[in-house]
Number of protein chains: 2
Amino acid sequence: MAPPALECLLRARGLRVTEPRLAVLAYLAGTDRHPTAEEVESAVNAAGPVLSRASVYNVLHALVDVGLVTGLSVKDGPVRYDAHLGPHHHLVCRGCGRVEDVEWKDFAVAERGVLPDGRAVRTLFLTLDGLCTGCGEKEEGRGEAASPLPSRRPGDAQRFSTGT
Amino acid sequence: MAPPALECLLRARGLRVTEPRLAVLAYLAGTDRHPTAEEVESAVNAAGPVLSRASVYNVLHALVDVGLVTGLSVKDGPVRYDAHLGPHHHLVCRGCGRVEDVEWKDFAVAERGVLPDGRAVRTLFLTLDGLCTGCGEKEEGRGEAASPLPSRRPGDAQRFSTGT
DNA sequence: GCCGTCGTTTGGATTTATTCTAAATAGCGT
DNA sequence: ACGCTATTTAGAATAAATCCAAACGACGGC
């Protein structure tokens, strides 16, 4: 009975392994739909242990805190969650609102406004997670600086990606 | 009595000129603080005609619809508004939550993770506003396609920038 | 300059998303 | 197995934004 990979993931991040966490993580890992908290709740409850709403949020926050999941706030709707690891970005459909993953390399779209497959991009939004001029000075000279791009570390206070 | 520029802006976009709109637009144009709807409300009401909450939202929505203002949903907080025209992006301070404008050219940060002034960027989020694979097919061949980058046209349903 | 139309504003109630709280429960190291 | 502590739970509470129907006011026409 090999310990399912998800258990290891949780343990490796210092989280206790619990039913709710496994259920939520399994659901998120198995979809590319960028579900909202509500969708996570009903999906998980439909085929499982029945979690309270608060638990869904607790679990999602915990997972985001340790970097197993990212939260993205899209348009005017509720926050959506994404268990995809690795660098990628998002295309929000102007038509149906669906969120599509965009591979990192497609970043070059910035200079052209057209996706590799020819689809047009009307606008793009870039948001950086860093320190503003004021706060930057305070932290000056610490070991923290200049870690490269997409990564997240346990203990970060920031739970959600920032949006444009 | 030259008609203040803001009036013209509104008229040019097909909006009636009203007190509330002038007040909100004036406030937004005069700050780089990316205020929330609530901040707009109190700021405008402090020195002016006293708008109802609903009006603040109405006005903000109207302005966003015609492209005079953009809304950005940041982290887990409420939506913030920005009357800056022209292409730029945002840096959300991990320390104080302040939102700083980042010039378009600094986009090159993507490849390096460091701002021109040396500050590190921990993570960056890119969100595209376009059509997903499904919806893209439906609109195939229309005149709509491939308009270049940052622009917004009246009548767009999308009011808010999308967030990562 | 006055009028009518239709877009806009208003206050208050309402919905939606998320957080809080305190008590019950369950991991997991020993 | 035991105990310490993290986690879950239900429901109430808060925050943000929207909805509604009535009153108002901008502005084009006369």
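Since the model is a prediction, treat every value here as computed from it, not as a measurement. Chain letters run A, B, ... following the sequence lines, proteins first and then strands; every chain starts at 1.
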How is [X] classified with respect to the nucleic acid when contacts are heavy atoms under 4.0 Å: base, sugar-phosphate, or nothing?
X	answer
A/Glu38	sugar-phosphate
B/Val56	nothing
A/Arg53	base

Length of the [atom1]-[atom2] vector between [X] and [N], whole Å:
X	N	atom1	atom2	result
B/Leu10	D/dG25	CG	P	18 Å
B/Glu39	D/dA16	CD	C1'	14 Å
B/Asn45	C/dG11	CG	C1'	13 Å
B/Glu41	D/dA17	CD	C1'	12 Å
A/Leu51	D/dG11	CG	P	15 Å
A/Leu63	D/dT7	CG	P	11 Å
B/Leu60	D/dA17	CG	P	10 Å
B/Glu19	D/dA23	CD	P	22 Å

May I ask you to evaluate whether [X] reaches the phosphate of [N], defined as a side-chain N or O under 4.0 Å from OP1 or OP2?
X	N	answer
B/His61	D/dT18	yes
B/Tyr57	D/dT18	no
A/Thr18	D/dT8	yes
B/Arg16	C/dT9	no
B/Ser55	C/dT8	no

message: Just checking A/Glu39: does its CD atom have more than 12 heavy atoms from other residues, nucleotides or ligands closer to it than 6.0 angstrom?
response: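 Check passes, neighbour count above 12.
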message: For A/Asn58 and B/Gly77, find the nucleotide of DNA chain D closest to each by heavy atoms; which residue's nucleotide sits nearer the 5' end?
response: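 Of the two residues, A/Asn58 wins.
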- request: Identify, between B/Val17 and B/Ala54, the residue whose nearest nucleotide on DNA chain D lies closer to the 5' end.
  value: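 Of the two residues, B/Ala54 wins.
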query: Between B/Arg21 and B/Ser52, who's closer to the 5' end of DNA chain C by nearest nucleotide?
result: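 It is B/Arg21 whose nearest nucleotide is closer to the 5' end.
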message: Would you say B/Tyr57 ends up clustered with B/Leu10 if hydrophobic residues are merged whenever their side chains have heavy atoms under 4.5 Å apart, either directly or through other cluster members?
response: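 Different hydrophobic clusters.
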message: Rounded at 0.5 Å granularity, tell me how far CG in B/Leu131 sits from CD in A/Glu100.
response: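 That separation rounds to 9.5 Å.
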task: Quick one: pull up CZ in B/Arg119 and OG1 in A/Thr133 and give me the separation to the nearest 0.5 Å.
output: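 Interatomic distance, B/Arg119 CZ to A/Thr133 OG1, rounded to 0.5 Å: 4.5 Å.
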task: On the 0 to 90° scale, with breaks at 30° and 60°, tag the A/His90-A/His34 ring pair as parallel, tilted or perpendicular.
output: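 Judged by the thresholds at 30° and 60°, the geometry between A/His90 and A/His34 is perpendicular.
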